Visitor: 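After the structure tokens below, expect a handful of questions from me.
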Amino acid sequence: MSSAISIPGSNPHVVAASASPTTTTIHDRMLFRKDSITFSIRQPKVLHPVDNEDLRLLILENISQEAVKAFRAQGFHVDHFTKAMSEDELVQKIGSYHAIGIRSKTKITERVLKAASKVWVQYHSHNFYPNKHSSQLLVIGCFCIGTNQVDLLSAAKAGIPVFNSPFSNSRSVAELVMSEVIALSRQYFQRAFEMRDGIWNKQSKGCWEVRGKTLGIVGYGHIGSQLSVLAEAFGMRVLFYDVVNIMPLGSARQVETLAALLSESDFVTLHVPELPETTNMISTEQLAQMKKGAYLINNARGKVVDIPALIDALKSGHLAGAALDVYPSEPGSNGAPFDDQLNSWSSTLRSIPNVILTPHIGGSTEEAQRMIGEEVSSALIRYLNYGTTIGAVNFPEVDLRAITLEEPNHVRVCYVHNNIPGVLRQVNEVLSPYNVEKQYSDSKGEIAYLMADIADVSPSDVNSLREQINKTNANILTRLLA
């Protein structure tokens, strides 16, 4: 006798015939015809400025070619240069670009930012009509960890988010530190230098294994925490100091004060940002607190260490060596001199034995530069195409679900404004004739950012819509994307 079994989740009018009664398990039901299940995936629509303006990008300091390719694949015009630009050069050129990508040598000052937004201010005051090479700078990409080379507050006030790559070169820097720990403890940098001069100087005095020694990490962030794992793999004891309480990795131990870390560590390595409170955080007093015969390593920022005080500690024999990858003033390009005109103590520091000096190469590996290029270029593309500010260091972080291809008459409003009362009411009055499908706003300090997707916007409405939003008293920068 045959029976009919209705399959859960199938058409109720369709049955499957079986020759005999069958018992189906949950497992059978989950596996039944899984290949017949289809999902409708809504494809996101690529947005563009409604005025169809070609986006122009200035990329400096030999940033990864993969990033340049990613920008050009979006149809952006890219001017790529291997060197940094001076402030005067930037002031002359920045008005022609919508975005700029830099590393650590190019300085984006308040003067540069004023030059970048001058054209836009004149245009909206109706005193000036820009030519095809006049642009408003919309976004800055720092293809590195640090952002102290950019005036972040002035950028935010101009409506310009700044993106960086806080994680991508962490491993490269951590590995460099471990190599410096071993090079200092074995003095092999000095021995290699002597061999190049034709001097054979084999010795073991003052040379040590790193196993069993104590590494003190100042700043237990992405680099410091990775470094602690590598150091423990070498058999080192790890201490760290940070201004916040952090869960340690492995057997690392947090100490309560910087002085405690300095007094217990054989090697001290710095991984902190450049801030007013970290400038010269290692000076005469702190160097005196370090163990006699200890080593100092700085791959963070050049102004963190008082270098004349470090020179005194090295020449007196209190410290056995040091490794520096960053300096208060650095040359603007390869081949430029690192001399006393740049830093008055340069020649003295270069003459001290067992001091490793490298030209800011902490993140200079193929792997790190590729990942930095991918991370920062993706952030810039997301902002230029979709208005997304997730990951911006100086700006409210706002994002919206993508407009899809099935939504052809939708417009995305990206509105940067001063954070004052009543702004949302004004903007929503402008948007009230339309269906606001989604909207999100956030603020950071004096700056706020609103994103809204509105439906059924005709091409003839776009200019009027933008003009009305621009006239709101808190407006800094308004973009419409469609």
Side-chain angles (χ1 to χ4, degrees), residues 44 46-47 55 57-61 63-64 66-68 70-71 73-74 76 98-104 106 108 113 137-173 219 221-223 225-226 244 271 273-275 363 367-403 412 414-417 419 438 440-453 476-477 479 481:
V46 177
L47 305 181
L55 294 175
L57 279 67
L58 176 62
I59 305 300
L60 304 177
E61 300 188 61
I63 286 167
S64 165
E66 295 302 315
V68 175
F71 291 136
Q74 296 293 318
F76 302 158
H98 300 91
I100 183 170
I102 62 172
R103 294 179 70 183
S104 57
T106 301
I108 307 294
L113 291 166
L137 187 67
L138 300 174
V139 63
I140 298 170
C142 297
F143 287 73
C144 51
I145 290 180
T147 55
N148 59 294
Q149 68 274 43
V150 178
D151 186 333
L152 297 177
L153 181 59
S154 294
K157 289 180 177 179
I160 303 171
V162 178
F163 296 90
N164 69 334
S165 179
F167 317 120
S168 295
N169 69 357
S170 301
R171 177 71 182 201
S172 296
V173 177
H222 302 293
I223 296 172
S225 56
Q226 283 205 45
V244 297
H271 302 283
E274 183 178 306
L275 302 169
E367 294 90 347
Q369 292 308 307
R370 183 182 68 251
M371 289 189 289
I372 289 171
E374 292 172 355
E375 184 177 0
V376 181
S377 63
S378 295
L380 267 58
I381 289 168
R382 287 195 300 270
Y383 179 70
L384 292 170
N385 284 347
Y386 301 105
T388 300
T389 56
I390 300 299
V393 298
N394 67 328
F395 221 70
E397 296 188 70
V398 178
D399 192 16
L400 285 181
R401 184 179 71 252
I403 296 175
R412 174 162 290 181
C414 302
Y415 175 58
V416 186
H417 60 91
N419 186 21
K438 47 188 181 291
Y440 188 77
S441 178
D442 197 6
S443 62
K444 186 171 186 177
E446 300 177 2
I447 306 301
Y449 183 44
L450 166 73
M451 290 176 67
D453 288 349
I476 296 175
L477 177 65
R479 290 198 301 150
L481 305 175

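Since the model is a prediction, treat every value here as computed from it, not as a measurement.
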Visitor: Kindly indicate whether the side chain of F71, heavy atoms from C-beta on, has any atom under 4.5 Å from the side chain of L384.
Guide: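 Not in contact.
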Visitor: With no hydrogens and no angle check, is any side-chain donor or acceptor of R370 less than 3.5 Å from a backbone partner on E66?
Guide: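 Absent.
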Visitor: Is it true that the side chains of S168 and E375 contain a donor and an acceptor less than 3.5 Å apart?
Guide: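 Yes, a side-chain donor-acceptor pair sits under 3.5 Å.
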Visitor: If every non-hydrogen atom of S165 is compared with every non-hydrogen atom of V376, which pair is closest and at what distance?
Guide: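 The pair with the smallest heavy-atom distance is CB-CG2, 3.7 Å.
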Visitor: Checking N419 side chain against G445 main chain: does a donor-acceptor pair fall under 3.5 Å?
Guide: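 Answer holds: yes.
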Visitor: Taking all atoms of both residues into account, what is the closest heavy-atom pair of G373 and S377, and its distance?
Guide: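 For G373 versus S377, the nearest heavy atoms are O-OG, 2.5 Å.
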Visitor: Measure the spacing between CZ of R171 and CD of Q226 and express it to the nearest 0.5 Å.
Guide: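 R171 atom CZ to Q226 atom CD measures 6.0 Å (nearest 0.5 Å).
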Visitor: Within a strict 4.5 Å, meaning less than it, do heavy atoms of the Q149 and C142 side chains meet?
Guide: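 Counting from C-beta outward, Q149 and C142 do come under 4.5 Å.
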Visitor: With a 4.5 Å limit on heavy-atom distance, are the side chains of R382 and I390 in contact?
Guide: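 Counting from C-beta outward, R382 and I390 never come under 4.5 Å.
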Visitor: Within this structure, what is the OG1-CG distance for the pair T389 and D399, rounded to the nearest 0.5 Å?
Guide: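 Nearest 0.5 Å value for the OG1-CG distance: 7.5 Å.
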Visitor: When the ring planes of Y449 and Y383 are compared, do they come out parallel, tilted or perpendicular, using 30° and 60° as the limits?
Guide: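 If you compare the ring of Y449 with that of Y383, the planes turn out tilted.
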Visitor: Please give me the minimum heavy-atom distance between F163 and A379, naming the atom from each residue.
Guide: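 Looking at all heavy atoms of both residues, the closest pair is CD2-CB, 3.7 Å.
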Visitor: Looking at C144 and I372, what are the two nearest heavy atoms and their distance?
Guide: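 Closest approach of C144 to I372, heavy atoms only: N-CG2, 3.9 Å.
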Visitor: Could you check V68 against I63 for side chain to side chain contact (heavy atoms under 4.5 Å, CB included), going step by step and ending with a plain yes or no?
Guide: CA-CA 8 Å; V68 175; I63 286 167; 5.5 Å; no
Visitor: Does one side chain, of T106 or E61, offer a donor that lies under 3.5 Å from an acceptor on the other?
Guide: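 Note: T106 and E61 side chains meet the donor-acceptor criterion.
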Visitor: Which atom names give the shortest non-hydrogen contact between L137 and I160, and what distance separates them?
Guide: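 For L137 versus I160, the nearest heavy atoms are O-CG1, 3.4 Å.
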Visitor: Among L450, T388, L481, L138, which residue meets the side-chain contact (heavy atoms from CB on, under 4.5 Å) test with C414?
Guide: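 Considering L450, T388, L481, L138, a side-chain contact (heavy atoms from CB on, under 4.5 Å) with C414 is found only for L481.
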Visitor: Quick check for you: to the nearest 0.5 Å, what is the distance between L380 atom CG and N385 atom CG?
Guide: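 L380 atom CG to N385 atom CG measures 10.5 Å (nearest 0.5 Å).
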Visitor: Is it true that a side-chain atom of N394 and a backbone atom of V162 form a donor plus acceptor pair closer than 3.5 Å?
Guide: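 Yes; at least one donor-acceptor contact below 3.5 Å.
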Visitor: Looking at CD1 of I403 and OH of Y386, how far apart are the two atoms once the value is rounded to the nearest 0.5 Å?
Guide: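 One finds 10.0 Å between CD1 of I403 and OH of Y386.
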Visitor: Could you measure the distance from the CE atom of M451 to the CG atom of L400? Nearest 0.5 Å is fine.
Guide: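 Going from CE on M451 over to CG on L400, the span is 4.5 Å.
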Visitor: Do other residues, nucleotides or ligands put more than 12 heavy atoms under 6.0 Å from the CD atom of E446?
Guide: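 Open: at most 12 neighbouring heavy atoms sit under 6.0 Å from CD of E446.
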Visitor: Do L113 and I108 touch side chain to side chain, with heavy atoms closer than 4.5 Å?
Guide: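 A side-chain contact exists here, since the closest heavy-atom pair is under 4.5 Å.
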Visitor: Taking the side chain as everything from C-beta on, heavy atoms only, tell me whether I145 gets closer than 4.5 Å to I223.
Guide: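 Yes; the side chains approach each other to less than 4.5 Å.
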Visitor: Can you check whether G363's main-chain N or O pairs, donor with acceptor, with Q369's side chain at less than 3.5 Å?
Guide: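 Such a contact is found between Q369 side chain and G363 backbone.
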Visitor: Side-chain contact, heavy-atom cut-off 4.5 Å: I140 with T147?
Guide: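 With C-beta onward as the side chain, the pair stays apart.
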Visitor: CD/E397 to OH/Y440 distance, rounded to the nearest 0.5 angstrom?
Guide: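 Separation between the atoms: 9.5 Å.
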Visitor: Take N164 and V150, measure what side chain to side chain contact (heavy atoms under 4.5 Å, CB included) needs, and give me the verdict at the end.
Guide: CA-CA 11 Å; N164 69 334; V150 178; over 6 Å; no
Visitor: What heavy-atom pair brings F167 and H222 nearest, and what distance separates the two atoms?
Guide: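 Closest approach of F167 to H222: CE2-NE2, 2.7 Å.
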